[in-house]
Amino acid sequence: MRDKQIEDLKDYKYGFSTDIESFKAPKGLNEEVIRFISNIKKEPDWLLQWRLKAFERLKVLKEPDWQKPKYPKIDYQDLYYYSAPKSFKEKPKNLEDLDPKLLETYKKLGIPLQEQKRLNGIAVDAVFDSVSVATTFKDTLTKKGIIFCSISEAIQKHPDLVKKYLGSVIPISDHFFATLNSAVFTDGSFVYIPPNVKCPMELSTYFRINASDTGQFERTLIIADKGSYVSYLEGCTAPMRDENQLHAANVELIALDNAEIKYSTVQNWYPGDKDGKGGIYNFVTKRGLCRGKNSKISWTQVETGSAITWKYPSCILKGDNSIGEFYSIAITNNHQKADTGTKMIHLGKNTKSKIISKGISAGKSDMTYRGLVDISKNASNSTNYTQCDSLLMGNKCGAHTVPYIKNKNSNSNIAHEATTSKISEDQLHYCQQRGLNQEEAVGLIVNGFCKEVLQQLPMEFAVEAQKLVGISLEGSVG
Amino acid sequence: MEQKLKTDFDKFISTSNFSSQEIKLKKEALDNFLKNGFPSRKLESWKFSDINQIIKKNIGELAFYNDYSIKNEINDDIFIKEIEHNKIVIVNGKVERLSFEYEEKDKINLLTLDNFNQNSNESNSLLSLNNSFSNKISNILVKKNYSFKKPLIIYQITNEKVSNTNINFQLNFELEENSSIKIINLSDDNSEKNFINNLFNFNLGKNSILKNYKIDKKSNTNIKYDYSSIIQKENSISETFIFSSGADYIKNEVTCNLEGKYSSAFINGIHLLSKNKHHEIRTKTNHLYENTKSYQLIKSVINDSSKSVYQGKIYVDSKAQKTDGYQLSKALLLNEQAEFNAKPELEIYADDVKCSHGSASGSLDENSIFYLMSRGLNQTTAKELLINGFLLDVIEKITDNEIKKLLKNMIGLN
């Protein structure tokens with residue numbers, strides 16, 4: 001039974017692609033394409049101007065090259081910046097209107113779009129390539145006054161909110177990939193939680209990258225108004241493909257007074273085959289702003305996929321007493337590379353941050369934790385605690401830790417710890433003595449190693465993540 | 001600056017008697033420096049201390065020509081009386097006296113090198129600068145099976161004759177099999193506003209032991225860069241201790257290459273800073289072979305608006321299984337204007353290793369102060385006691401008891 005499971009899992013589980021004809025913008029990156037995107041999405045003029053401003057800025061910016069994993073040069077003129085399934089030109093009114101093939105794809109992925117899946121208590125805003133498909137559970141959310149829709153819809157229906165907050169955390173003058181996203185973003189999710197509302201369910205989006213050569217430029221904006229709470233899940237799978245695909249999403253979180261946002265990610269995009277061919281480039285900019293007093297933003301991520309993962313979900317702790325948290329598991333196997341971590345920028349008084357990062361590298365992979373803790377002069381009584389542990393399996397992989405620590409306030413404390421080691425022979429021996437085979441023993445120990453982070457995930461995700469940890473390390477033992 | 005460099009270089013070459021080979025190498029080094037200039041914050045390793053800006057702001061225009069023909073008087077009062085020792089006295093970058101009175105003459109070989117280590121290939125432009133302007137390089141070779149009977153104290157003196165000048169100095173040590181040496185490197189600066197650039201090369205043979213204690217205590221406005229390169233063969237031990245407090249700006253850089261099995265490196269350091277001093281320790285321990293060990297402990301006490309930086313990197317090659325690498329940096333910020341920056345880095349390519357780093361920074365523990373005050377100490381004494389205890393931790397790591405005592409007295413910690 002177990003052997004069969006392993007056999008099933010060995011090849012990339014979600015490696016299939018549906019042949020819905022895609023509706024594409026012409027190849028290349030120029031003003032025309034940006035106008036095309038803006039036009040087809042019927043965007044107001046201010047947004048088009050905003051995009052064009054970002055594009056102007058992009059011309060000046062250079063692609064960064066300080067990261068550990070190097071990749072072949074990307075030809076930005078050779079990409080499609082917009083593609084939508086053709087049948088979506090007219091938006092479907094309900095689930096029955098959807099392309100049956102698309103529904104089938106989602107079924108394979110196990111996404112609970114259908115009625116029966118409501119039992120899972122998840123409202124799904126599925127993104128197929130670049131356009132939101134459908135949004136369920138709207139009624140329940142609408143009653144509470146919660147807005148959960150695609151960002152295109154939000155631009156049409158709630159332009160004031162979008163205009164007010166879009167780019168307030170990741171400005172258009174940010175780094176290269178973020179600015180690229182600002183210029184050409186196609187779709188993504190928008191969440192607004194009104195004051196003093198506790199979102200009754202986990203909000204979730206599944207991303208799928210489909211059409212070949214299509215960089216995905218998602219834009220997610222989550223606003224938690226005063227005293228509200230929301231937990232947001234993001235999960236990713238992508239079909240198997242040979243060419244590298246660029247994914248440069250921007251995620252902005254804004255928490256006002258007493259609000260809390262919990263953002264969880266399970267990322268399992270196609271990592272490339274065993275020889276390191278293909279795979280997704282995951283260059284995502286995620287940043288949260290604790291704008292109000294007593295606000296809290298918590299990032300949890302399980303990164304197992306992608307050929308190259310390069311992201312630093314960050315918290316800017318601007319409000320007094322605000323809290324930032326970052327929990328991460330990153331697993332690299334075969335030829336995967338990851339350079340990930342977080343930034344905690346303490347600006348307000350009595351701000352707290354906590355970073356727990358677990359890195360596991362196996363095969364010929366390479367993993368880097370890179371983080372910044374910056375306590376500014378005015379952030380008195382702030383504390384940070386950082387723990388980053390790495391586990392190495394085999395001597396062909398690498399694990400690196402590059403923390404930057406800046407303390408400019410004498411009333412603040414920073415503590416940082418990092419360790420790197422392998423699974424101890426004693427632990428393995430102990431487990432094997434009690435009847436587990438080597439692989440099971442390693443799985444158990446690794447899950448224990450990651451437990452602190454897995455605990456932070458919502459139930460549904462925790463189960464999936466635990467499985468993923470096992471799958472990702474398949475074949476790396478012995 | 002470029003014109004100044006070129007004319008000063010020509011003047012330097014014409015007044016010295018270097019061989020054509022040396023001149024060629026020096027010229028290459030100069031070209032390399034001209035190409036790169038002083039390092040700025042754009043370089044990752046200079047991120048926290050932009051020496052280009054620091055020199056511009058504090059010194060302005062630098063002179064590079066240094067007249068090595070001047071004979072400098074040495075005042076014997078400056079020598080340490082507490083312990084018997086061998087001496088090397090360096091004044092303004094020139095070796096004025098070498099005396100190994102306590103050692104067997106045939107066990108030590110003193111050479112003046114014709115050429116220098118070609119580490120100018122490295123991207124570190126300050127080494128190129130050093131190579132191009134330093135005087136003849138002395139090489140001290142300790143022969144097989146010989147252990148120094150008494151410590152060697154290197155007095156590095158600058159006097160008021162130099163100011164707004166770049167002083168470059170280089171010294172090499174070679175330790176043959178089973179040999180050992182204890183060195184105290186003592187800075188005694190009576191000059192102001194110079195840029196002092198030191199380079200020490202240590203080559204450790206099998207089973208050899210190097211103990212190197214670097215003390216910079218005397219307050220002055222010089223800007224210093226001090227680079228030690230330590231290459232270690234099988235079973236060798238190096239111990240480096242840095243006390244950095246005196247000059248306005250110091251960057252101590254230590255690179256250890258653990259090339260032989262069972263070799264180990266210890267690097268311990270103290271930053272005791274006040275006013276607007278800006279000191280940095282940067283270490284790089286490269287574990288290149290199996291069964292090597294390294295330990296680092298760096299502590300900073302930062303007062304007024306001073307700034308302390310620690311950058312430490314442990315590199316473990318895929319060959320270097322069974323490596324132990326430890327690194328700990330702690331900082332006490334005593335004033336609101338004080339700043340501490342750290343970048344403790346691990347780069348690991350082997351799986352059977354134990355490596356860790358820790359970094360903590362913050363203020364003095366209020367509870368501890370309260371505890372001491374409730375037992376009758378006043379606040380100032382309580383704080384002093386806690387700071388002394390904090391720093392003693394590092395001093396206690398010194399393995400040589402005689403030197404430990406000497407340094408405790410010198411620094412004023414008991």
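Because the structure is a prediction, the values reported are computed rather than measured. Proteins get letters first, then strands, A, B, ... in listed order; numbering begins at 1 in each.
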In Å, rounded to the nearest 0.5 Å, how long is the span from CG of A:Asn407 to CG of B:Leu333?
5.0 Å
What distance separates A:Asn395 CG from B:Lys319 NZ, expressed to the nearest 0.5 Å?
12.0 Å
Counting only heavy atoms from other residues, nucleotides and ligands, does the tally under 6.0 Å from NZ of A:Lys422 exceed 12?
yes
Taking every heavy-atom pair that is under 4.5 Å apart, which of A:Ile423, A:Asn411, A:Thr419 has the most such pairs with chain B?
A:Thr419
Is the number of heavy atoms from other residues, nucleotides or ligands within 6.0 Å of CD (B:Gln379) greater than 12?
no
Option in A:Ser424, A:Pro403, A:Ser421 with maximal non-hydrogen atom pairs under 4.5 Å from chain B
A:Pro403
So, for B:Ile348 and A:His400, which heavy atoms are closest and what is the spacing to 0.1 Å?
N-ND1, 3.1 Å
Counting only heavy atoms not in A:Lys70, do more than 12 sit closer than 6.0 Å to its NZ atom?
yes
Over 12 foreign heavy atoms within 6.0 Å of NZ, A:Lys68:
yes
To the nearest 0.5 Å, how far apart are CD in B:Glu339 and NZ in A:Lys408?
5.0 Å
Please classify the contact of A:Asp366 with chain B as side chain, backbone, both or neither, using a heavy-atom distance under 4.5 Å.
side chain
Contact class of B:Gln327 relative to chain A, heavy atoms under 4.5 angstrom
neither
Who among A:Val402, A:Thr401, A:Asn413, A:Leu392 has the most heavy-atom pairs with chain B under 4.5 Å?
A:Thr401
Test item: B:Ile302 and A:Ser410 side chains (from C-beta on) under 4.5 Å apart, heavy atoms:
no
Hey, is CD on B:Glu259 packed in by over 12 heavy atoms from elsewhere, all under 6.0 Å?
yes
Per-residue tally against chain B (heavy atom, under 4.5 Å) across A:Ser390, A:Gly398, A:Ser380 peaks at A:Gly398
Rounded to the nearest 0.5 Å, what separation is found between the OH atom of B:Tyr349 and the OG atom of A:Ser361?
10.5 Å
For A:Lys73, I'd like to know if atom NZ has over 12 heavy atoms of other residues, nucleotides or ligands within 6.0 Å.
no
Contacts with chain A made by residues 351-370 of chain B (heavy-atom distance under 4.5 Å), listed by residue number:
B:Asp351, B:Asp352, B:Val353, B:Lys354, B:Cys355, B:Ser356, B:His357, B:Gly358, B:Ser359, B:Ala360, B:Ser361, B:Gly362, B:Ser363
Hey, could you give me the NE2/NZ distance between A:His416 and B:Lys343, rounded to the nearest 0.5 Å?
12.5 Å
Which distance, rounded to the nearest 0.5 Å, do you find between the CD1 of A:Ile405 and the CZ of B:Phe48?
8.5 Å
Mark yes when over 12 heavy atoms from residues, nucleotides or ligands other than B:Asn335 sit less than 6.0 Å from its CG; otherwise mark no.
yes
Can you confirm whether A:Lys343 is buried at NZ, in the sense that more than 12 heavy atoms of other residues, nucleotides or ligands lie under 6.0 Å from that atom?
no
